[in-house]
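This one's a predicted model, so the numbers in the text were calculated from it and none came from an experiment.
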Amino acid sequence: MERLVEAGRYATVCAIGELPPTLQGVWSGTYSPPWSSGYTFDGNLASAVAALHPLGTPELMLPVFDLVDTLLDDFTHNAQRLYGCRGILVPPHASTHGRHNHFGPEWCLTLWTAGAAWLARLYWDHYSYTRDPGFLRERALPFLHHAAAFYEDFLTDDGFAPSYSPENTPADSDSQACANATMDLAAVRDLVRNLLRAHRILDLPGARRWAELGARLPRYRIAPTGELAEWATPAGPLDQTDRHTHRHASHLFPFWYEGDPAFADPTLRAAAVRAIRARLAWWRSAASDEMAFGLVQLGLAAANLGLATEAATTLELMATRYWRPTLVSTHNRGALFNTDICGGFPAVVAAMLLRSREGRCDLLPALPPAWLEGEARGLCGRGGVLVDHLEWTPTRMRARLRARHTTRVRIGLPDGATRVVTLDPDQAVDVTAPLTLHQ
């Protein structure tokens, strides 16, 4: 685990300069690399940069936002030309431009509209981890406004139609064109929450507009088989039933970052757990092969929900199938170099050790029994929390915490207890708790 965390961080840092890492980083080795070695926004890029904030290198996120700045005119053009909407429409793939023309008869990528809301989460997280009010005011909030303007125009009385769940198809349909993909509604719900928080922090008017957008969004749905459904419109005339034998897990978006408050409902939460286990069962099989970052999606969701065994399984599958002995990571089993799990693998490890949202951090939320002892230094949490040192044995955990600014934080401990502490930049706070680990 430790070696692959460091190998992944090394590759990611090497591949970031004025721009974020492309699909093959700086090592494509050919003038015609797969997918033009470009930027794939429906999963790869987000995975490649997933560890930058939690592992304490937020400055390396700035090239992501610099890249987006160069593409904004094309994103605006996409929204106008394809759907007649204001705001911005982020395509699944970009190379030398951001125009939404990377689609064809096999993949109807033109129907994917969640990209701007997903990028908006990266903007919000940069503020949440760094507590930089200038970034929030000057870069994050304008992007969030552009993103939300599109959804104001695009949403119909029936929700998201057309819609698309990358890169899956309902089990009883051969059409990727669908309605109300869970990823779409989850990403826009997240966007609305962050807009409301940004307006409150900056003391700006106009928040009611975004609350009204949130009220128009469809609700999550539980499939008849008990899993969180990948499409929120019930099966029926549209035949949108789930297909778990697939490499993407886009409907688990609510658990890749802070989590959606809707899942405080134990019924919904149990459905999400069932969805993770159903998708992971396919990944364990011989049928699974390509797109290693699908395991990152599952691992982050499992860690968020405290499923230590499932999260550890995603790491084991990535380590044994998608890393060569030379520490080169691949897209398929043993083939096709990609940088996406170089960021995704360390991000899953970090999420198992520290779960964070505004005002709360949980220590060792998904610690597997096999990790009997260990330590981590320099973990970071949302709300500007800094975990200078975290160590554990089979019987005890100890952590030393600070924050980028003075703040009160609720700390969740492995034994289920919580403590409210005041953290500041200069005075570290030690937290200890009993721990029970059995192999």
Side-chain angles (χ1 to χ4, degrees), residues 40-44 46 78-79 82-83 85 89-93 100 102-103 106-121 147-148 150-192 213-214 216-225 227-257 260 262-263 268 271-272 274-276 278-279 291 293-294 297-298 301:
T40 302
F41 293 112
D42 72 350
N44 301 75
N78 296 335
L82 284 170
Y83 293 111
C85 294
L89 176 60
V90 174
H93 190 78
H100 198 349
H102 293 277
F103 50 86
E106 184 176 1
W107 307 108
C108 61
L109 298 174
T110 185
L111 301 180
W112 189 62
T113 60
W118 193 347
L119 280 177
R121 161 48 67 174
F150 173 82
Y151 300 111
E152 280 187 312
D153 291 355
F154 180 77
L155 269 173
T156 71
D157 291 341
D158 297 318
F160 295 88
S163 188
Y164 176 65
S165 189
E167 297 165 353
N168 205 357
T169 305
D172 42 11
S173 171
D174 60 0
S175 172
Q176 296 175 52
C178 300
N180 290 319
T182 297
M183 175 181 219
D184 287 352
L185 69 98
V188 179
R189 283 173 63 93
D190 186 64
L191 168 62
V192 167
L213 172 61
R216 295 170 56 195
L217 297 171
R219 295 183 178 182
Y220 295 111
R221 182 175 71 89
I222 298 175
T225 49
E227 301 90 359
L228 176 67
E230 192 162 353
W231 293 274
T233 300
L238 292 177
D239 290 333
Q240 297 190 136
T241 54
D242 286 71
R243 184 195 303 274
H244 297 299
T245 57
H246 196 265
R247 59 193 180 275
H248 277 263
S250 302
H251 55 317
L252 297 177
F253 181 94
F255 309 100
W256 298 340
Y257 299 99
D260 188 327
F263 288 89
L268 266 182
R274 290 177 66 94
I276 290 171
R279 200 58 56 100
M291 207 197 85
F293 80 79
Q297 295 179 338
L298 283 177

**OP:** Grab the two heavy atoms, one from P91 and one from N78, that are nearest each other, plus how far apart they are.
**Re:** CD-ND2, 3.9 Å
Original post:
Side-chain contact, heavy-atom cut-off 4.5 Å: L298 with L252?
Top reply: yes
**OP:** Flag the pair P224 / R221 as yes when at least one side-chain heavy-atom distance between them is below 4.5 Å, and no otherwise.
**Re:** yes
Original post:
Looking only at atom types and distance, does a side-chain atom of S250 sit under 3.5 Å from a main-chain N or O of P166, one as donor and one as acceptor?
Top reply: yes
Subject >> Over all atoms of both residues, closest heavy-atom pair of P254 and A186 >> reply: CG-CB, 3.7 Å
**OP:** Would you indicate whether the side-chain heavy atoms of P162 and L111 approach each other to under 4.5 Å?
**Re:** yes
Subject >> pair D42-W112: side-chain heavy atoms closer than 4.5 Å >> reply: yes
Original post:
Does one side chain, of D260 or Y220, offer a donor that lies under 3.5 Å from an acceptor on the other?
Top reply: yes
Original post:
Below 4.5 Å, heavy atoms only, C-beta onward: do L217 and R189 meet side chain to side chain?
Top reply: yes
Subject >> Passing option when N168 is tested against Q176, E230, H251, H244 for side-chain hydrogen bond (donor to acceptor under 3.5 Å, both in side chains) >> reply: E230
Original post:
Would you say the ring centroid of H248 lies under 6.0 angstrom from that of F293?
Top reply: yes
Original post:
Ion pair present between E227 and R279, side-chain N to carboxylate O less than 4.0 angstrom?
Top reply: no
**OP:** Indicate yes or no for a side-chain donor-acceptor contact from T182 to the backbone of A229 under 3.5 Å, with no hydrogens or angles considered.
**Re:** yes
**OP:** Determine the minimum heavy-atom distance between A161 and T156, stating which atoms define it.
**Re:** O-CG2, 4.2 Å
Subject >> Residues, nucleotides or ligands: over 12 heavy atoms within 6.0 Å of R216 CZ >> reply: yes
Original post:
What distance do S165 atom OG and R243 atom CZ have between them, rounded to the nearest 0.5 Å?
Top reply: 11.5 Å
Original post:
Which distance, rounded to the nearest 0.5 Å, do you find between the CD1 of I276 and the CG of L228?
Top reply: 9.0 Å
Subject >> Closest approach of P92 to H100 (non-hydrogen atoms, all atoms of both residues) >> reply: CD-CE1, 3.2 Å
Original post:
N180 and S163: side chain to side chain donor-acceptor pair (under 3.5 Å), yes or no, with the steps?
Top reply: CA-CA 6 Å; N180 290 319; S163 188; over 6 Å; no
**OP:** Specify the closest pair of heavy atoms between L89 and A79, including all atoms of both residues, with the distance to one decimal.
**Re:** CB-N, 3.7 Å
Subject >> Parallel, tilted or perpendicular, as decided by the 30° and 60° cut-offs, for the rings of W256 and W118 >> reply: tilted
Subject >> Parallel, tilted or perpendicular: rings of F160 and F154 (30°, 60°) >> reply: tilted
Original post:
Any idea which heavy atoms bring A179 and T233 closest together, and the distance?
Top reply: O-OG1, 3.8 Å
Original post:
Would you say the side-chain atoms of R247 pair up with the backbone N or O of M291, donor to acceptor, closer than 3.5 Å?
Top reply: no
Subject >> Side chain to side chain, V192 and Y151, heavy atoms closer than 4.5 Å >> reply: no
Original post:
Does some side-chain heavy atom of D242 sit less than 4.5 Å from a side-chain heavy atom of T225?
Top reply: no
Original post:
Hey, are the side chains of C178 and W231 touching, using non-hydrogen atoms and a 4.5 Å cut-off?
Top reply: yes
